[in-house]
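Below you'll find the structure, written out as structure tokens, and then a few comments.
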Amino acid sequence: MNLKNEKWSEERFFEMRKEVLCQWPTGEQVDLDEAVQYLKKLPEEKNFAKRLAKAKNDHKTLLQPRAGVALVEDHIDLLRYLQNEGGADLLPTTIDSYTRQNRYNECESGIIESRKAGRSMLNGFPAVNHGVYGCRKVLEAVNIPLQARHGTPDARLLSEITHASGWTSNEGGGISYNIPYAKSATLEKSILDWQYCDRLAGYYQEQGIDINREPFGPLTGTLVPPSISNAVAIIEGLLAAEQGVKHITLGYGQCGNLTQDVAAMSALEEQAHEYFRFYGYDVQLTTVFHQWMGGFPEDEAKAFGVISWGAATAALAGATKVIVKSPHEALGIPTREANTQGMKATRQVLNLLNEQKLSMSKDVVAEVQLIKSEVKCLLDAVLDAGDGDLAVGTVKAFKNGILDIPFAPSVHNAGKILPARDVNGAVRYLSYGNLPVSDNLKEYNDDLLQQRASKEHRDVSFQLVVDDIFAVSLGRLVGNSALG
Amino acid sequence: MNLKNEKWSEERFFEMRKEVLCQWPTGEQVDLDEAVQYLKKLPEEKNFAKRLAKAKNDHKTLLQPRAGVALVEDHIDLLRYLQNEGGADLLPTTIDSYTRQNRYNECESGIIESRKAGRSMLNGFPAVNHGVYGCRKVLEAVNIPLQARHGTPDARLLSEITHASGWTSNEGGGISYNIPYAKSATLEKSILDWQYCDRLAGYYQEQGIDINREPFGPLTGTLVPPSISNAVAIIEGLLAAEQGVKHITLGYGQCGNLTQDVAAMSALEEQAHEYFRFYGYDVQLTTVFHQWMGGFPEDEAKAFGVISWGAATAALAGATKVIVKSPHEALGIPTREANTQGMKATRQVLNLLNEQKLSMSKDVVAEVQLIKSEVKCLLDAVLDAGDGDLAVGTVKAFKNGILDIPFAPSVHNAGKILPARDVNGAVRYLSYGNLPVSDNLKEYNDDLLQQRASKEHRDVSFQLVVDDIFAVSLGRLVGNSALG
Amino acid sequence: MNAVLVMGVIGADCHSVGNKILDHAFSEAGFKVVNIGVLSSQEDFINAAIETGADAMLVSSLYGHGEMDCRGLKDKCVESGIEDILLYVGGNLVVGKQDWEDVKRRFFEMGFDRVYPPGTHPDTAIDDLTRDLRLNIVLKGGRTDGVYSAY
Amino acid sequence: MNAVLVMGVIGADCHSVGNKILDHAFSEAGFKVVNIGVLSSQEDFINAAIETGADAMLVSSLYGHGEMDCRGLKDKCVESGIEDILLYVGGNLVVGKQDWEDVKRRFFEMGFDRVYPPGTHPDTAIDDLTRDLRLNIVLKGGRTDGVYSAY
Ligand code: B12
Ligand code: B12
């Protein structure tokens with residue numbers, strides 16, 4: 001398949017474009033030159049990259065919800081509500097799951113059924129089906145930047161349509177939108193397809209239009225050890241930068257232990273900078289913190305507790321933006337009111353913490369060191385596996401379990417590592433699978449797990465994992481079956 | 001008035017008792033010997049002091065709501081609900097405001113009107129009017145310890161009735177239940193009256209019954225600098241210990257800045273221990289953290305944010321218990337459902353943080369030092385003013401503004417200090433009034449305030465205070481009028 | 001001549017923060033403020049109003065007993081010969097979160113001219129005062145301009 | 001002989017965590033589990049059931065499209081000659097927080113034997129399976145004891 005971590009030539013890119021734009025009739029609506037003109041005329045305050053850069057500069061944490069419904073008019077109402085009532089700083093458009101699997105026919109049925117039912121039958125906005133006309137309508141109806149958020153292994157047409165519509169940010173990546181979101185899509189193909197998306201963003205960038213790209217940090221959202229998600233984020237950041245992307249937001253999903261979360265965010269930013277510098281990429285780097293991405297408690301008051309703790313951690317970690325959950329999380333896609341409630345609780349906490357910094361304690365410093373060392377082990381091995389090529393190395397690494405994402409659905413993921421919480425509630429490795437992590441790091445890890453098991457008078461076993469998966473939704477961080 | 005910080009003789013105590021028990025007909029129901037027998041037969045799990053000691057030992061933070069309504073049966077329903085649905089660890093009985101002013105006739109009307117209206121017309125439970133029979137009914141209807149929470153300058157009869165009813169904890173103190181709660185009650189009298197309450201608790205203690213006493217930490221709940229509230233808490237702790245109290249919970253109301261709050265709680269515990277040790281009191285010391293006690297936002301989602309941040313701070317500060325607010329706080333006394341929502345959000349956050357410690361950063365260490373130094377300045381001057389007698393010194397100190405509580409209603413309070421937030425959101429002194437704080441501490445303080453003012457491009461002035469009073473209810477910690 | 005306001009917190013209520021803020025705001029706005037503070041009885045309010053010839057009486061109640069504490073105040077004003085005084089009340093007037101329209105109606109029926117919900121900004125009251133005081137003069141047959149001014 | 005369960009996540013749904021947990025729980029409980037994983041079509045479910053002679057088909061849908069994805073599954077089972085197979089469905093079946101009784105009714109009407117709300121503990125399903133499988137045998141005229149057991 002000719003995968004290499006190398007910037008695509010314009011010829012190759014334009015060659016591929018022809019094919020991409022034929023995937024669904026709305027592809028016709030994309031005219032790159034016209035799109036460049038359109039984007040150039042957009043007001044600054046609708047540019048995602050610029051808004052993030054400003055926030056980073058001002059040491060502010062921006063607030064972004066998730067939201068998307070089937071029909072254009074309803075989606076506009078929804079986004080306006082989140083902007084005006086919810087006070088969002090940045091708007092999303094969550095794309096429906098059929099689009100994510102490129103099943104545009106099913107989207108079409110979903111649109112029709114939604115019209116009939118009078119409510120959205122799709123779990124997101126089918127942007128490809130609505131085409132450039134529909135997507136521009138959305139952009140023009142709001143006052144702040146818009147981003148596509150999805151989970152699409154092959155997002156080429158989606159990216160073409162949304163960028164041409166003035167949506168100046170695109171979430172995703174060849175790993176993060178494949179392994180947690182797909183069953184059989186190969187990494188060769190998804191990385192290639194995301195090189196296309198990155199190349200597209202890079203193309204706009206070359207025309208002087210800032211486009212933001214955001215690899216999806218939380219992966220499966222479920223007990224992902226920070227070294228895994230940081231390693232993947234850095235790889236996807238590097239792959240994007242190679243294709244000419246200049247504005248990158250790297251993300252992380254809250255694990256719940258403050259020390260670990262603050263350290264993970266620090267480690268991510270520092271280490272990404274180091275790699276960008278090493279490879280000579282000139283990138284404007286920002287960060288995103290995702291409020292707890294695993295199973296939520298059903299009780300709304302408890303959900304508010306989880307949301308607020310996420311907000312506090314985002315602020316203390318100094319994230320450039322935070323992605324907000326709602327009190328409906330455990331049950332279903334939130335109403336706009338519930339979504340707004342999540343945003344208001346989050347805003348309140350962000351504002352309470354606006355003036356506060358958490359000074360680096362020695363625990364945080366040690367954890368940063370630990371995470372960076374683990375990530376280094378992983379990235380060294382990935383590069384090795386690819387004989388120096390990051391893209392090739394990534395494919396091989398997943399094959400050999402050098403990279404491995406817990407609980408992922410993909411058959412191309414080894415699925416050998418198991419995470420569990422340690423005695424302080426930090427996420428560690430119950431099993432490292434084939435991860436090439438050095439022995440001293442493993443010993444440190446195992447000791448912390450052993451401490452927890454002893455405290456709970458039980459063995460270090462798979463039951464810890466099961467208990468930890470259910471823990472937050474049952475009202476605690478560390479699953480302790482003994483506590484009932 | 002013969003005020004001295006000296007344990008009352010039994011004669012003096014019993015002499016005074018006769019008078020106290022005549023203040024309202026229900027006083028007759030108190031038979032001390034019978035009460036001792038009654039208390040001895042109570043199950044352990046209803047003993048407040050024992051429950052706190054266990055929590056302290058287990059490094060757990062207990063959860064206690066506020067609640068009280070006019071009628072016994074309704075109050076029982078309410079407390080049972082908070083125990084069973086809310087999962088309270090400790091129960092309160094908030095006493096109504098007429099009782100607090102010893103206006104038992106008005107309580108009687110309130111009880112009658114409440115029966116007529118079918119809803120509580122009183123803002124709390126009129127325990128004196130309900131007498132020992134009513135109060136024991138309440139205790140016997142629940143499974144966990146019960147505490148009287150009020151704001152009564154002269155709580156002698158109230159304390160007699162509630163302790164005799166098996167309520168094993170009493171909140172209050174001669175300063176903390178006078179200056180923030182009264183207009184003209186003199187400190188001489190309120191301290192004497194609280195010596196009586198303490199002596200009563202001490203008497204039970206001598207009979208082998210653990211009674212917990214809890215000075216009211218937050219005072220006016222509004223921008224009280226930690227050194228003021230810690231100084232008052234330590235004084236009231238010492239006054240109680242002198243009368244034979246052995247189980248003391250010292251409290252603090254959240255200011256909102258994590259570093260300052262964690263430091264204030266540490267400083268309070270350390271310094272109280274130091275003073276207890278110095279005076280030779282053998283006291284079981286526990287702590288209570290009050291979620292934000294100032295004006296709340298009306299929006300319930302925002303209120304959840306404030307509540308959850310309070311819960312997180314309580315956990316990170318290692319408080320023995322936390323007093324919980326509800327999402328109705330800004331509007332009115334919460335329904336039991338709203339109260340439970342506050343508790344559930346709090347419990348969720350406490351559990352998320354259960355395994356986490358915040359390691360002492362150098363900022364926290366410095367803030368502990370600062371608070372302890374300020375408190376030392378104040379307490380030295382108080383003792384000086386009383387020629388070594390703490391009770392006498394306290395009365396004089398308030399007269400001279402050596403102790404001074406911001407925004408307090410009492411005419412016996414100088415009302416000269418003004419608090420305002422600094423550049424990090426910590427509560428500092430805009431004006432020290434007559435507080436005998438040393439110059440180097442003042443310089444440090446003034447510099448931090450100046451930094452804030454410069455950042456906000458304005459002068460250090462009274463407007464900062466006004467803005468800070470409204471800030472949290474308007475959705476931020478630091479009032480910045482420029483932000484609108 | 002500046003309008004005179006008597007203000008305070010009624011009943012067994014000790015909430016002093018809002019009282020201090022209102023005092024500050026009304027004084028800054030140019031009113032002559034007679035603040036009788038917290039824990040004030042109906043008699044305290046009326047005596048202060050008579051003594052100072054006040055134009056308006058601003059009653060605060062935060063703690064929930066407002067309904068009981070305010071009942072009969074209007075009648076007492078009438079009896080004391082100050083039936084024309086403007087009567088405002090504000091704060092957390094009743095126990096618990098109740099339907100505001102209903103609460104307002106109950107206080108209007110008690111004879112208050114204006115009733116304010118929790119969280120009312122001082123400026124709202126200042127605007128209303130400026131308007132109502134002028135109006136009151138008109139009704140009393142006095143001059144319509146410049147007599148009473150908050151500024 | 002152990003009962004055979006076919007389980008998976010239907011449609012374009014990728015939520016794999018619950019699927020792995022259920023697999024683990026059912027296997028521990030002694031069932032023979034055939035897990036076809038996420039992103040499975042109706043045809044995938046039916047083929048797996050026929051191939052393995054499954055006694056029950058446990059469909060998960062978390063992502064909100066459950067209503068569309070499950071429509072017609074029962075008919076296809078009938079057409080394929082496995083009309084007696086137990087049909088369970090669970091997860092976050094529809095888009096948004098909807099009235100649960102209403103949701104349940106809609107899925108019963110589609111031909112499911114049991115419908116589970118979000119947050120259902122695996123043990124609930126295990127209890128139900130043990131009961132329903134026995135019942136199914138009775139209805140089919142088979143032996144009533146020991147034939148199918150989860151343990
Ligand atoms: C983690 C998660 C993700 C991860 C999933 C990673 C992975 N590969 O598994 C990521 C981040 C990738 C993700 C993506 C999406 N998600 Co998601 N996700 C969640 C979340 C937070 C937890 C799910 C989980 O793992 N729970 C833990 C496991 C153990 O529990 P469980 O899945 O509920 O399963 C248990 C029970 O339900 C029951 N059960 C399940 N099936 C069955 C079947 C039977 C027969 C029985 C008896 C029992 C049973 O038993 C299981 C074990 O106990 C939930 C919300 C929540 N629950 O808090 C949302 C949630 C399921 N996701 C949702 C959505 C919409 C999506 C997306 C479409 C994105 C979007 N629009 O927001 C995409 C889906 C893309 C796709 N193609 O499917 C929605 C569904 C909304 C709805 N139904 O109205 C939810 C409810 C969040 C929300 N409120 O919006 N998600
Ligand atoms: C701080 C506080 C306290 C402090 C007060 C210290 C002090 N001496 O002032 C302490 C801790 C001592 C305290 C005690 C009690 N409190 Co308190 N307290 C509060 C709190 C959190 C903030 C009040 C405040 O200072 N706000 C800031 C100021 C600036 O605003 P404000 O007081 O609302 O006043 C403004 C407006 O209302 C308006 N306004 C007020 N009056 C008027 C009048 C007019 C004419 C106009 C135009 C406007 C106006 O203008 C003011 C300035 O902007 C409120 C809840 C809240 N708001 O969040 C509860 C609250 C007022 N307290 C309450 C109660 C019940 C009590 C207690 C009885 C204890 C208890 N049962 O819980 C005791 C009272 C004892 C007594 N004898 O009065 C309840 C009242 C409930 C109700 N009405 O249903 C509240 C609402 C909390 C609650 N939801 O339960 N409290």
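First the proteins, then the strands, lettered A, B, ... as listed; each starts at 1. The analysis underlying the following values was restricted to heavy atoms, covering all of them including side chains, and did not include hydrogens, waters or symmetry mates.
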Rounding to 0.5 Å, atoms CD (B:Glu300) and CD (A:Glu300) come to a distance of 11.0 Å
Bottom line for A:Leu316: the part with an atom under 4.5 Å from chain B's heavy atoms is side chain
Is the number of heavy atoms from other residues, nucleotides or ligands within 6.0 Å of CG (B:Asp447) greater than 12?
yes
Do you know the tightest heavy-atom contact between A:Lys344 and B:Lys302?
O-CG, 3.8 Å
When the 4.5 angstrom heavy-atom criterion is applied to A:Val364 and chain B, the contacting part is neither
So which residue, A:Val472, A:Asn424, A:Val349, ends up with the most heavy-atom pairs under 4.5 Å with chain B?
A:Asn424
Tell me whether A:Gln356 contacts the main-chain N or O of B:Gly256 through its side chain, where contact means a donor paired with an acceptor under 3.5 Å.
yes
When rounded to the nearest 0.5 angstrom, what distance separates OG in B:Ser473 from CD in A:Gln348?
9.0 Å
Does a sphere of radius 6.0 Å around CG in B:Asn84 hold more than 12 heavy atoms from other residues, nucleotides or ligands, not counting ones at 6.0 Å or beyond?
yes
Separation between NZ of A:Lys362 and NZ of B:Lys362, rounded to the nearest 0.5 Å
13.5 Å
Separation between CG (B:Asn351) and CG (A:Leu477), nearest 0.5 Å, reads 9.5 Å
Contact origin within B:Pro327 toward chain A - heavy atom pairs under 4.5 Å
neither
Could you report the tightest heavy-atom contact between A:Phe304 and B:Ser308, atom names first, then the distance?
O-OG, 3.8 Å
Where on A:Asp363 is there a heavy atom nearer than 4.5 Å to chain B: the side chain, the backbone, both, or neither?
both
Can you tell which of A:Val423, A:Asp299, A:Leu352, A:Leu258 has the highest number of heavy-atom pairs within less than 4.5 Å of chain B?
A:Leu352
Looking at A:Leu350, A:Asp422, A:Leu353, which has the largest count of heavy-atom pairs under 4.5 Å with chain B?
A:Leu353
